[in-house]
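All residue numbers refer to positions in the sequence shown, counting from 1. We use all heavy atoms of the structure for the numbers below, so side chains are in, but hydrogens, waters and symmetry mates are not. Counting starts at 1 for both ligands and their atoms, following the listed order.
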Amino acid sequence: MPSILLIHPPAAKPGEPPAGIAALAGSLRRHGLDCDLLDANLEGMLFLLDRDGERPGDAWSTRAWRNRAANAAALRAPALYHNPDRYHRAVRDLNRALEMAARTRPDISLSLSNYQDESKPLASGDLLRAAEQPERNPFFPWMQARLPALLEQRGPAWIGISLGYLSQAICAFALLGFVKQRYPAIKLVLGGGLLTSWMSHPEWRDPFAGLVDHCIAGPGEEPLLRLLGRDRPAIDPAPDYSGLPLTDYLSPGLVLPYAASRGCYWNRCGFCPEPAEQNRYQPTAPATVVGHLRELCGRHRPSLLHLLDNAISPALLRALRDHPPGCPWYGFVRFHEQLADLDFCRQLRASGCVLLKLGLESGSQAVLDAMAKGIGLELADRVLATLRRAGIAAYVYLLFGTPSESLVEARQTMDFVLRRHQAITFLNLAIFNMPIAGAEARHLPGSGFSQGDLSLYLDFVHPRGWDRRAVRTFLDREFKRQPPIAAILRRDPPYFTSNHAPFFGGRFL
Ligand code: SF4
C-alpha cells in the first residue's frame, strides 16, 4: 500500500501543531491509508537551538544563547504568562538565539515567525534555486540528520509539503530539492494556502513541473485520496495529530488548532483574497464540529482550542454555546448582532470563549461601505462594549491605505479606537495590499507585479494620494503615539501575537 509523509516546512510560529497536515492525516487514515506527519518547522528550530557551541556577540546575545533552553522551557509553562514583562523578555531572547543559530550567512534572517534570505519567495526562479541548492538553507543540517533515517525506515512512496505561508516558501523548496536529489523515486506533492493562491491566478503556468509531481489547489483531502488510489469522496473526519511532538510546542500546554470551515461565509470584502480567489465556502456541519471538538479535547486535554475559520459562523457560535468543547477557545468572528447580546456573550464566555478576533478595518463608515465590509460602526461599538462586559478579550484588526481612505478617514479610525480603547484588548495594524485577482485591481492604474512572478498583489496608484509611505508616516508619527493606543500595542505578544494573546487577554479586561 502506498504511504505518504506530510511535512509542515519552516518557518512559521512554533506555538501549536500544524492544522493542515493534521486534517489531511485524519482523512487519509480514516480511509485506511498509511500516513506520517513531520513538523519540520518545530523540529528544525529546536535542532538549531539545541546545537552546542559558544556564540560570540554582545551581552544580550550571550545571555540569550546561554538561556535558550531555559527560555524554551519557560514558554511551555503557565507561570511565565502571569508576568508579561518576563514573557516578553523570554520570547525576545529565544528569538535572538534562534536568529544567531541560523545566521550562517549575513543575508539569512530566521525568527520565531519568519524566514528571509537573499532569495525572493515570490519569484519562481528563486524558489527553484533554493531547491537546487538545499545545502545553502540553514535547516540543511537538520535535513541531513533527520530525513535519511526517517525515509529509509518508513519508505514513503509520496511526500506532501503543505505551503501555507510566504514565510515557509524558501525552506519548503529547499526541502523539496533535498528529497528530489537524494530520493528521486519518491513522488512529491505540493499543496496549502499559499499554493492555492498562486494557482488561482488565471495566468498560472506551473513553474515547478520539473520538481513537483502534483500541485494541489484548495482542500487537499479528495485529491490526495485519489492520488493514493482511493476513489471515494472524503468524509468529514476529525483532524488526527498522532505522530506530532505535541508536548514540544512553545505554548503553556497544548494548543489544538481546528478548522470548522474553508472559505468565508461572508465572502464579500473588497480587499480580501477569499472572494478575489473565488474560494468556495465549505463549512462542516455544527453538530459534526461539536462532536469532533468533544472527542479531540477529551483525548488531548488541550490548554486552548484555536478555531481557524476565517469567520466562525453565527450557527457554530450557537452550537459552541450549547455544547462547550471542554476547554478554553478563541477564533475569528464578524461583528454580528448576536455578539451585542450580553446574555449570549456571557454564555459564550461560560462555554470557554476567552478571546475573539474581529476585523473592524476602519473607523469610517464610508470606507467600510466602500469595501463591502457589511458592518456598521454603531454595531461594532455595541459588540466591543458587550464583549468587555462578558469578560471576552477583543483582538481588533485595522486596515489602512484602502482605495477609499485618506488621512481624514484614517484619523476617524484613530478617533474610534481612542473612544473605545478600554474595550479593545489587542490591536493588529495592517497596510492594504491590492489583490491581483480582486475587482478593484481592474479599475485602478497599477504598475505591475510587486515582488516577482508569483506576487499576489499589485502595486497601484492610490486615487487619493494616500500611498504606503504616507500611511506608514501617519501610523508611526501619529496613530501609535497616542498613549491609550501605545498601551494596547505594547500588550501584543512579540512574534506569537494573536496565537499567545488568549493567555493574557483576561489581564486587560
Ligand atoms: S469577513 Fe474576513 S474572510 Fe470574509 S470576506 Fe471579509 S475579510 Fe475576507
Side-chain angles (χ1 to χ4, degrees), residues 19-20 164-166 192-194 196-198 200-201 217-219 257-284 286 289 306-317 320 330-340 355-381 383-384 387 394-405 409 413 416 424 426-442 456-458 497-499 501:
Y165 310 107
L166 197 57
L194 180 61
T196 300
S197 297
W198 287 341
S200 73
H201 194 282
Y258 179 92
S261 65
R262 319 278 170 98
C264 168
Y265 76 85
W266 176 253
N267 212 29
R268 277 179 244 176
C269 301
F271 59 90
C272 176
E274 287 297 330
E277 293 170 8
Q278 301 182 342
N279 295 330
R280 202 158 53 88
Y281 180 51
Q282 299 178 62
T284 303
V289 173
H306 179 188
L307 291 170
L308 301 167
D309 303 43
N310 281 315
I312 305 171
S313 70
L316 182 56
L317 285 176
L320 291 167
Y330 79 108
F332 237 116
V333 290
R334 283 179 50 76
F335 284 97
H336 189 279
E337 197 60 53
Q338 187 185 41
L339 296 173
L355 177 145
L356 290 175
K357 300 195 278 180
L358 300 122
L360 173 65
E361 322 305 353
S362 174
S364 154
Q365 191 61 55
V367 170
L368 291 175
D369 295 345
M371 64 171 77
K373 185 71 193 170
I375 58 173
L377 287 173
E378 181 271 334
L379 173 64
D381 219 2
V383 167
L384 290 172
L387 292 178
Y395 202 120
V396 173
Y397 287 66
L398 299 177
L399 183 64
F400 294 89
T402 52
S404 53
E405 189 186 70
E409 289 80 12
T413 304
F416 184 96
I424 296 175
F426 299 99
L427 266 179
N428 176 286
L429 314 180
I431 301 181
F432 174 71
N433 283 314
M434 174 77 74
I436 277 181
E440 283 175 305
R442 289 191 281 277
L456 302 169
Y457 301 103
L458 276 179
T497 64
S498 65
N499 292 58

Legend entry - Over 12 non-hydrogen atoms of neighbours within 6.0 angstrom of OH in Tyr165: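 For Tyr165, atom OH is not crowded (no more than 12 foreign heavy atoms under 6.0 Å).
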Inset, instruction - Could you list the residues that satisfy side chain to side chain contact (heavy atoms under 4.5 Å, CB included) with Phe332, not counting sequence neighbours? - result: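 Phe332 satisfies side chain to side chain contact (heavy atoms under 4.5 Å, CB included) with Lys357, Tyr397 once adjacent residues are dropped.
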Legend entry - Set of residues satisfying side chain to side chain contact (heavy atoms under 4.5 Å, CB included) with respect to Ala372, sequence neighbours excluded: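 Not a single residue meets the side chain to side chain contact (heavy atoms under 4.5 Å, CB included) criterion with Ala372.
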Inset, instruction - Tell me the protein N, O or S atoms under 2.8 Å from atom 8 (Fe) of ligand 1, in chain and number order. - result: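 Short answer, with waters excluded from the count: Cys272 SG.
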Legend entry - Where at least one partner belongs to residues 365-376, residue pairs that pass salt bridge (Lys or Arg N to Asp or Glu O under 4.0 Å), sequence neighbours excluded: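 Salt bridge (Lys or Arg N to Asp or Glu O under 4.0 Å) check on residues 365-376 returns Glu361-Lys373.
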Inset, instruction - Among all protein heavy atoms, pick out the one at the shortest distance from atom 1 (S) of ligand 1; state its residue, atom name and that distance to 0.1 Å. - result: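 Result for atom 1 (S) of ligand 1: Arg334 NH1, 3.5 Å.
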Inset, instruction - Starting from atom 2 (Fe) of ligand 1, find the nearest protein heavy-atom neighbour and note its residue, name and distance. - result: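 Its nearest protein heavy-atom neighbour is Lys373 NZ, 4.3 Å.
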Inset, instruction - Test side-chain hydrogen bond (donor to acceptor under 3.5 Å, both in side chains) on Asn279 and Glu274 and set out the steps. - result: CA-CA 6 Å; Asn279 295 330; Glu274 287 297 330; 3.1 Å; yes
Legend entry - Rounded distance (nearest 0.5 Å) linking atom CG of Leu356 with atom CG of Leu317: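 CG of Leu317 is found 7.0 Å from CG of Leu356.
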Legend entry - Ring centres under 6.0 angstrom apart (His306, Tyr258):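 No, the ring of His306 stays outside the 6.0 Å limit from the ring of Tyr258, centre to centre.
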